[in-house]
Amino acid sequence: MGEQVTPRLYRGLRDYLPEQMGARLKIIDTIRRVYENYGFVPLGTPAIEYLDVLVGTGGQEANRSIFGVRNPEDEKLGLRFDLTVPLARVISQYPELPRPFRRYQVSPVWRADKPDRGRYREFTQFDIDSVGVETEMADAEIMAAMADTLTALNVGPFRVRFSSRMVLDMLLRFAEVPAVLRVKKVVGGGRVEKETVEEERPGADVFRVLDKLDKIGMDRVRDELTTGYKDESGDQVPGLGLDLSQVKRIEQFLAIQSPRRGEVLEQLERTFAGVEGAKDQIGVLRRISDTLGSLGYGDDRIAVDLSIARGLAYYTGPVFEAVLLDAPQFGSVFGGGRYDDLVLRFLGERVPATGASIGVDRLLAALVELNRVTLRHATAQVLVAVMDDTVRDECVQMAFELRRAGIPTELYLGSKGIGRQIKYADQQRVPLVVVYGGDEKARGVVVLKEMEQGRRLAAETTSRKEWLRTRPGQLEVPRADLVPATRQLLAGV
RNA sequence: GCCAGCGUAGCUCAAUUGGUAGAGCGCUAGAUUGUGGAUCUAGAGGUUACGGGAUCGUGCCCCGUCGCUGGUACCA
């Protein structure tokens with residue numbers, strides 16, 4: 001025999017054992033129902049794409065943490081890192097597709113990042129996007145679908161928040177932040193000698209810092225915008241070198257907060273009164289807010305939050321994200337926005353598009369933590385136990401009667417005794433067990449065992465004799481009534 | 001990527017100043033005359049992450065690799 005191989009999983013990847021997989025599929029079904037209710041149509045694309053399709057000809061795969069793929073022809077291939085780039089390719093490749101093209105797609109994506117709590121190298125995204133629509137009604141519709149999805153998923157209280165990339169661009173103008181910042185940065189440490197170098201950073205780097213506001217607080221944000229600071233571990237965090245008047249204006253902007261959407265927008269309009277183009281952009285947000293309001297999406301579920309700074313490189317208009325209020329540590333479970341440059345790379349033209357993406361795995365992790373999903377190993381509602389060979393044929397018959405009646409049923413195919421069989425059902429949380437042996441056969445009945453009820457009653461007795469005598473949670477029905485009696489019991493479970 | 005800590009049975013952990021590994025839970029089988037729980041009995045399961053070094057001798061010390069955890073950076 002050859003050398004044995006250690007069974008193991010590449011870091012950042014997971015198996016989905018039946019319990020988790022069942023819960024995932026349920027989540028996916030629920031989301032899909034909502035998306036189809038909005039009339040989005042399904043799309044599928046391959047996991048593997050040409051590298052230049054993924055990253056453009058610039059070849060920045062290093063900082064995009066793409067997994068490469070080796071093939072026999074030695075071509076430059078990679079695994080998709082999101083579902084939006086494949087969508088852009090499809091839009092460009094099939095001009096015959098109807099516009100607007102409103103599609104949903106649920107697929108795994110891969111990123112070669114450092115795995116972290118709730119962050120994996122393979123994870124599944126479920127996206128909706130509307131391509132070819134200019135109107136902000138499309139953005140409002142995406143947010144409504146986000147809210148409806150989270151409601152359908154029974155995640156508990158949540159908040160969808162939105163802002164706009166344009167608003168943040170205006171902030172740079174308002175605070176007079178230049179397009180290019182010169183940043184002093186310490187490199188090295190450890191075995192390499194430390195030295196200070198100067199680096200050019202885009203003005204939009206300000207947003208990267210603002211995004212940390214929740215996490216590190218205003219004092220630290222102020223430090224990082226100006227001179228930098230040393231954190232607990234002694235690491236020097238470089239500052240962006242802004243001056244105090246610039247920071248003051250940014251703080252003035254960040255102070256615009258209210259649980260009421262209308263109020264935030266009013267304040268913003270006042271603050272940005274002198275900024276060119278501000279009125280138009282704020283008008284877009286106001287129309288979105290009004291539309292949502294008239295549809296019954298109140299301030300409790302959807303809010304305007306100017307601190308959202310997600311994914312700026314790529315968005316060109318409204319941006320949205322959703323957080324679970326009972327599980328804020330999971331961050332944004334659902335996010336998106338408008339990105340009108342989607343197809344530029346392929347077609348050289350602008351095609352307006354807006355959409356959102358929900359992280360199925362992060363969501364499941366949050367729901368497990370919140371105790372809002374039941375992890376059940378079994379799909380069967382009924383286990384037909386087999387007492388011995390003399391009743392085997394009839395047990396097989398019964399199992400198929402139940403299946404043909406549409407009741408998910410497992411027929412016990414192992415070789416253990418009746419006690420083990422019931423334990424097997426117990427461990428997998430199969431709610432009902434059919435027991436049928438010589439006694440039942442002689443009397444023309446079957447025994448239906450309600451496992452959950454038995455579990456409760458078992459706690460009340462310590463004597464096995466008593467436990468066996470009462471046989472908690474069992475009832476006998478005529479053999480002929482198997483299917484209707486089972487159906488009735490399951491309705492009560 | 002960087003910093004720190006950790007890595008002993010499926011899980012949670014124990015093992016006195018270095019003297020060649022143990023418990024609970026779980027699992028398996030059985031008993032309680034055809035029933036989950038409780039109880040009782042028995043059993044399986046570990047090259048102490050991996051590789052090297054120092055030592056008469058190491059789970060324990062040193063070096064390296066890998067993995068995990070926390071922090072930090074990154075996150076289209």
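Computed from a prediction, not measured in an experiment: that's the story for all the values here.
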- For nucleotides B/C13 and B/G30, find the distance between their C1' atoms and express it as a whole number of Å. 29 Å
- Distance between C1' atoms of B/A31 and B/G67 (Å, rounded): 44 Å
- Item | Nearest-Å distance for atom pair CD/C1', residues A/Gln125 and B/C75 | 12 Å
- Write down the distance between CE (A/Met387) and P (B/G36), rounded to a whole number of angstrom. 12 Å
- Give the nucleotide from the list B/U33, B/G34, B/A76 with an atom nearest to the side chain of A/Phe81. B/A76
- Task: Name the nucleic acid region contacted by A/Gly438, choosing base, sugar-phosphate or nothing; use a 4.0 angstrom heavy-atom cut-off, strictly under.
- Result: base
- Message: What's A/Lys449 touching, base or sugar-phosphate or nothing? Going by heavy atoms closer than 4.0 Å.
- Response: base
- Message: Taking only the C1' atom of each, what is the distance from B/G7 to B/U48 in whole angstrom?
- Response: 10 Å
- Item | Gap in Å between the two C1' atoms, one belonging to B/C25 and one to B/G45, rounded | 14 Å
- Query: If you measure only the distance, is there a donor-acceptor pair under 3.5 Å linking the side chains of A/Ser163 and A/Asp305?
  - Reply: no
- Query: Between B/A76 atom C1' and A/Phe207 atom CZ, what is the distance in whole Å?
  - Reply: 16 Å
- Query: Going by distance alone, is a donor N or O of one side chain under 3.5 Å from an acceptor N or O of the other, for A/Thr316 and A/Arg350?
  - Reply: no
- Pi-cation contact, A/Tyr315 with A/Arg338 (under 6.0 Å, within 45°): no
- Message: If I pick the C1' atom on B/U20 and the same atom on B/G26, what distance separates them, to the nearest angstrom?
- Response: 28 Å
- Query: Can A/Trp467 be said to stack with the base of B/A38, given centres closer than 5.5 angstrom and planes under 30 degrees apart?
  - Reply: no
- Item | Selection from B/G34, B/G70, B/U28 that lies nearest to any side-chain heavy atom of A/Lys416 | B/U28
- Task: Could you tell me whether A/Arg14 sits above the aromatic face of A/Tyr120, with NZ or CZ closer than 6.0 angstrom to the six-membered ring centre and within 45 degrees of the axis?
- Result: yes
- Task: Quick one: label A/Arg420 by what it contacts on the DNA or RNA (base, sugar-phosphate, nothing), any heavy atom closer than 4.0 Å.
- Result: sugar-phosphate
- Task: Check whether any side-chain nitrogen or oxygen of A/Gln427 sits under 4.0 Å from OP1 or OP2 of B/G26, and answer yes or no.
- Result: no
- Could you tell me the separation between the NZ atom of A/Lys114 and the P atom of B/C68, rounded to a whole number of Å? 10 Å
- Message: For A/Lys76, is there an ion pair with A/Glu49 - N to carboxylate O distance below 4.0 angstrom?
- Response: no
- Pick base, sugar-phosphate or nothing for A/Ile422, based on heavy-atom distances below 4.0 Å to the nucleic acid. base
- Note on the structure: From CG of A/Asp127 across to P of B/A76 the rounded distance in Å is 14 Å
- Protein-nucleotide distance (A/Asp52, atom CG; B/A76, atom P), rounded to Å: 22 Å
- Task: Can you check whether any acceptor in the base of B/U35 is under 3.5 Å from a donor in the side chain of A/Gln421, or vice versa?
- Result: no
- Using atom CZ of A/Phe123 as one end and atom P of B/C75 as the other, report the distance to the nearest whole Å. 14 Å
- Query: Is the base of B/G34 touched by the side chain of A/Glu440 through a donor-acceptor pair closer than 3.5 angstrom?
  - Reply: yes
- Select base, sugar-phosphate, or nothing to describe what A/Gly419 touches, counting heavy atoms under 4.0 Å on all strands. sugar-phosphate
- Query: What interatomic distance, in whole Å, is found between P of B/A44 and the corresponding atom of B/A23?
  - Reply: 12 Å
- Looking across every strand, which nucleic acid part, if any, lies under 4.0 Å from A/Asp439 by heavy atom: base, sugar-phosphate, or nothing? base
- Message: Pairing check on B/C68: which nucleotide meets the Watson-Crick or G-U wobble criteria with it, both distances under 3.5 Å?
- Response: B/G5
- How close or far is atom P of B/U32 from atom NZ of A/Lys423, stated in whole angstroms? 16 Å
- Message: From the set B/G34, B/G36, B/C75, return the single nucleotide nearest to any side-chain atom of A/Arg111.
- Response: B/C75
- Query: For the base of B/U32, is there a side-chain donor-acceptor partner from A/Arg464 under 3.5 Å away?
  - Reply: yes
- Can A/Arg222 and A/Asp219 be counted as an ion pair, charged N to O under 4.0 angstrom? yes
- Message: Rounding to an integer number of angstrom, what distance separates B/U69 and B/U55 when you compare their C1' atoms?
- Response: 33 Å
- Task: Find the partner of B/G37: check Watson-Crick (N1-N3 plus N6-O4 or O6-N4) and G-U wobble (N1-O2, O6-N3) distances, both under 3.5 Å, and reply none if neither fits.
- Result: none
- Query: A/Thr45 and A/Gln105: side-chain donor and acceptor closer than 3.5 Å?
  - Reply: yes
- Message: Suppose you measure atom P in B/C61 against the same atom in B/G46; what distance do you get, rounded to whole Å?
- Response: 25 Å
